[in-house]
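Below is one structure, written out as structure tokens; the observations come after it.
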Amino acid sequence: MKSRWKSLSIATVLTVVTFGASIAEAAGVLTIGRREDSTTFDPIKSAQNVDNWVFSNVFDVLIRVDKTGTKLEPGLAESWTVTDDGLTYTFKIRDAKFSDGSQITAADAAFSLLRIRDNEGSLWSDSYKIVETAEAADDRTLVVKLKTPSAPFLSTLALPNVSVLSKKALEVEGEEAFAEKPTASSGAFTVKEWRRGDRVILEKNPNFWQADRVKLEGVEWISVPDDNTRMLNVQAGELDTAIFVPFSRVEELKKDPNLDVHIDTSTREDHLLINHEHGALAKKEVRQALDMAIDKKAIVDTVTFGLGEVAYSYIPKGSLYHYDGNYQYPYDPEKAKAMLAEAGASDLSLNYIVNAGNEVDEQIAVLLQQQLQKAGVTVNLQKVDPSQSWDMLVAGDYDISVMYWTNDILDPDQKTTFVLGHDTNMNYMTRYKNDKVKDLVAAARLELDPAKREAMYVDIQKMAKDDVHWIDLYYSPYINVSRKNIANFNQNPLGRFFLEDTVKN
């Protein structure tokens, strides 16, 4: 395990959630039921939605993505200019304060940008190596110079992981203390308490530059790993809202007069991760055979109840440069069996990590086990607590496992870089390596002509599919549920909850 991943370790046993006396009983405090607990409050040291969706309301970014998930808008940078050569960006920082009352300055913004680039614990350093310098010309003016022009640069500034942090707070508290409970936040809420394995308790930030916009007094993100328990909690009024509604419960919940079911457009793609460093899985022909042995349509029909659709590219439908004509391996278990025999993998046995308590993951696991058996592949299901599975994938202690991804920025560079373009994050735990793909990913980042850039991403999608870097399964919407007294609880396609606009009546 690389040292950069150690900060992602969390308690391996989640405590039983109790809904006793808490801040949540106060008027104006929203409770949100979710599966996993947070892993850190240091934005550069996580790549998980469970963290980023909280970061988005605790920290603010220079540039935001709007509610439609289609365009950029000002955040802490109220305006910006770019030189004709595309190398120098000048940002005007708005008059804003951290939650501790200190001024947010261009120096804080420069510090945060250089930290995500240079800190050895950063999971996102490769995406920001294009930055040559970041300096404060004065308290309100940030000047960033790039090594080369970059098409996705402005989009990358909307990533929650490059949020503007307080330089002073980090230096005084130290990274470890800040990661547990940051004392200075730039977003709509501050961290009051983090009860590991149970809940994160947030309070309204009175110094937020849009404090008048925030209607809630606080938010509690509560860990309820079991899907059915989480749904029962919201039905019983023990939770105001719950995310990750199982497909199988949607119609039932829609009939409950006390609830609203939210089906929001997403950039979510579920896929089967493959550990390329494990034996026969290193062979492209073996991975292609596995792809051919999986009936994705059957998975969509059985698991998503018609709410999903078969995926065929790592860039989801509706996203920039998605290639609609990408190849789809036909379902043919007999041919897959023959291909495995030809590759010397007739007796292939795979260890499949499954998130226990995740209804959909467990259903998919059983289906994949049955389907792959028809191609002569033995699949051993290993159910583990969700708090363990991530570390096991990072350590390479798996053969296959279903995971999902939602885009964090508008540009495809982020996901492409993370899952195909470099080795920093082991290409999202797959250990996939293709130097031609890696070089093309880097070139696409620098290409400013939209037509040429799109052609590059079409080629990348074709090459990734041919290599079977992972197996695309399905695209699906975000599905959440809230009590009728909750208004404005939804996500944009990148997954951001605009809790600064949520109302509890």
Side-chain angles (χ1 to χ4, degrees), residues 30-36 48-50 52-54 56-57 67-69 219 221-271 296-297 299-311 316-319 354-365 367 386 402-408 472-499 501-502:
L30 182 77
T31 54
I32 306 174
R34 57 177 178 169
R35 288 195 188 110
E36 303 96 340
Q48 300 190 64
N49 284 341
V50 69
N52 277 13
W53 292 352
V54 178
S56 293
N57 288 106
K67 285 187 176 182
T68 70
V219 178
W221 290 89
I222 302 174
S223 302
V224 187
D226 184 78
D227 287 340
N228 287 319
T229 300
R230 196 166 61 256
M231 296 307 108
L232 290 172
N233 289 152
V234 75
Q235 284 181 292
E238 295 171 337
L239 287 169
D240 295 319
T241 63
I243 63 176
F244 295 117
V245 174
F247 296 109
S248 63
R249 300 293 298 276
V250 171
E251 291 306 314
E252 172 199 342
L253 295 174
K254 280 183 176 180
K255 295 175 183 176
D256 190 323
N258 299 309
L259 303 178
D260 287 320
V261 176
H262 310 277
I263 299 179
D264 298 327
T265 300
S266 85
T267 52
R268 175 167 175 155
E269 186 224 2
D270 284 62
H271 41 259
K296 292 86 172 177
K297 183 64 166 57
I299 292 174
V300 167
D301 291 343
T302 304
V303 174
T304 77
F305 290 76
L307 290 167
E309 57 181 306
V310 173
K317 290 187 70 172
S319 297
V354 185
N355 285 315
N358 183 325
E359 179 182 304
V360 171
D361 275 12
E362 292 187 0
Q363 288 177 324
I364 293 175
L367 286 171
V402 167
M403 287 287 286
Y404 78 96
W405 179 285
T406 61
N407 292 351
D408 297 301
D472 302 301
L473 295 178
Y474 62 87
Y475 307 125
S476 65
Y478 298 120
I479 310 176
N480 305 313
V481 62
S482 63
R483 304 283 299 177
K484 284 287 187 181
N485 64 318
I486 306 300
N488 302 328
F489 181 74
N490 47 41
Q491 292 177 280
N492 74 0
L494 303 188
R496 190 189 192 282
F497 288 94
F498 289 80
L499 299 181
D501 297 324
T502 302

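Nothing fancy with the numbering, it's 1 onward along the sequence.
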Euclidean distance, [Y] [atom2] relative to [X] [atom1], rounded to 0.5 Å:
| X | Y | atom1 | atom2 | result |
| --- | --- | --- | --- | --- |
| S482 | L239 | OG | CG | 12.0 Å |
| L253 | H262 | CG | NE2 | 11.0 Å |
| E269 | Y475 | CD | OH | 5.5 Å |
| I486 | D240 | CD1 | CG | 4.0 Å |
| T502 | F497 | OG1 | CZ | 9.0 Å |
| E362 | N355 | CD | CG | 9.0 Å |

Is the backbone N or O of [Y] less than 3.5 Å from a side-chain atom of [X], with the two atoms forming a donor-acceptor pair by type?
| X | Y | result |
| --- | --- | --- |
| R483 | N485 | no |
| R249 | M231 | no |
| N358 | D361 | yes |
| Y478 | G495 | yes |
| R35 | V50 | no |
| S266 | S476 | yes |
| R34 | I243 | no |

If you compare all heavy atoms of [X] against all heavy atoms of [Y], which two are closest, and at what distance to 0.1 Å?
| X | Y | result |
| --- | --- | --- |
| L499 | W221 | CD1-CZ2, 3.9 Å |
| T267 | S319 | CG2-OG, 3.8 Å |
| P493 | G69 | CD-CA, 3.7 Å |
| W53 | N57 | O-OD1, 4.1 Å |
| F244 | R230 | O-NH2, 3.0 Å |

- Item | Verdict with supporting geometry, N492 and F498, side chain to side chain contact (heavy atoms under 4.5 Å, CB included) | CA-CA 8 Å; N492 74 0; F498 289 80; 3.8 Å; yes
- Message: side chain to side chain contact (heavy atoms under 4.5 Å, CB included), that's the test. Do H271 and V402 meet it? Break it down for me.
- Response: CA-CA 6 Å; H271 41 259; V402 167; over 6 Å; no
- Message: Under the rule for side chain to side chain contact (heavy atoms under 4.5 Å, CB included), what residues qualify as partners of V300, not counting sequence neighbours?
- Response: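 For V300, the residues satisfying side chain to side chain contact (heavy atoms under 4.5 Å, CB included) (neighbours in sequence not counted) are T304, V310, Y474.
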- Check the pair K67, D501 against salt bridge (Lys or Arg N to Asp or Glu O under 4.0 Å), reporting the backbone distance first and the verdict last. CA-CA 11 Å; K67 285 187 176 182; D501 297 324; 2.7 Å; yes
- Task: Identify which one of I479, N407, T406 satisfies the side-chain contact (heavy atoms from CB on, under 4.5 Å) criterion when paired with R268.
- Result: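 By the side-chain contact (heavy atoms from CB on, under 4.5 Å) criterion, R268 pairs with just one of I479, N407, T406: T406.
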- Residues passing the salt bridge (Lys or Arg N to Asp or Glu O under 4.0 Å) test with D226, sequence neighbours excluded, are none
So, do [X] and [Y] sit near enough that their side-chain heavy atoms are less than 4.5 Å apart?
| X | Y | value |
| --- | --- | --- |
| F247 | V360 | yes |
| D408 | L494 | no |
| E252 | Q235 | yes |
| P246 | D227 | yes |
| I222 | I32 | no |
| L367 | T302 | yes |
| E359 | N228 | yes |
| L30 | T241 | yes |

- Take N480 and Q491 through the side chain to side chain donor-acceptor pair (under 3.5 Å) test and state the conclusion after the steps. CA-CA 9 Å; N480 305 313; Q491 292 177 280; 2.9 Å; yes
- Apply salt bridge (Lys or Arg N to Asp or Glu O under 4.0 Å) to the pair D256 and K254, showing each step before the final yes or no. CA-CA 6 Å; D256 190 323; K254 280 183 176 180; over 6 Å; no
- Task: Determine, step by step, whether D270 and M403 satisfy the side chain to side chain contact (heavy atoms under 4.5 Å, CB included) criterion, reporting the C-alpha distance in whole Å, the side-chain angles of both residues, the deciding distance to 0.1 Å, and the verdict.
- Result: CA-CA 6 Å; D270 284 62; M403 287 287 286; over 6 Å; no
- Query: Step by step, would you call E309 with K317 a salt bridge (Lys or Arg N to Asp or Glu O under 4.0 Å)?
  - Reply: CA-CA 10 Å; E309 57 181 306; K317 290 187 70 172; 3.3 Å; yes
- Task: Please assess I263 against L307 for the test side chain to side chain contact (heavy atoms under 4.5 Å, CB included), listing each intermediate value before the final yes or no.
- Result: CA-CA 9 Å; I263 299 179; L307 290 167; 4.3 Å; yes
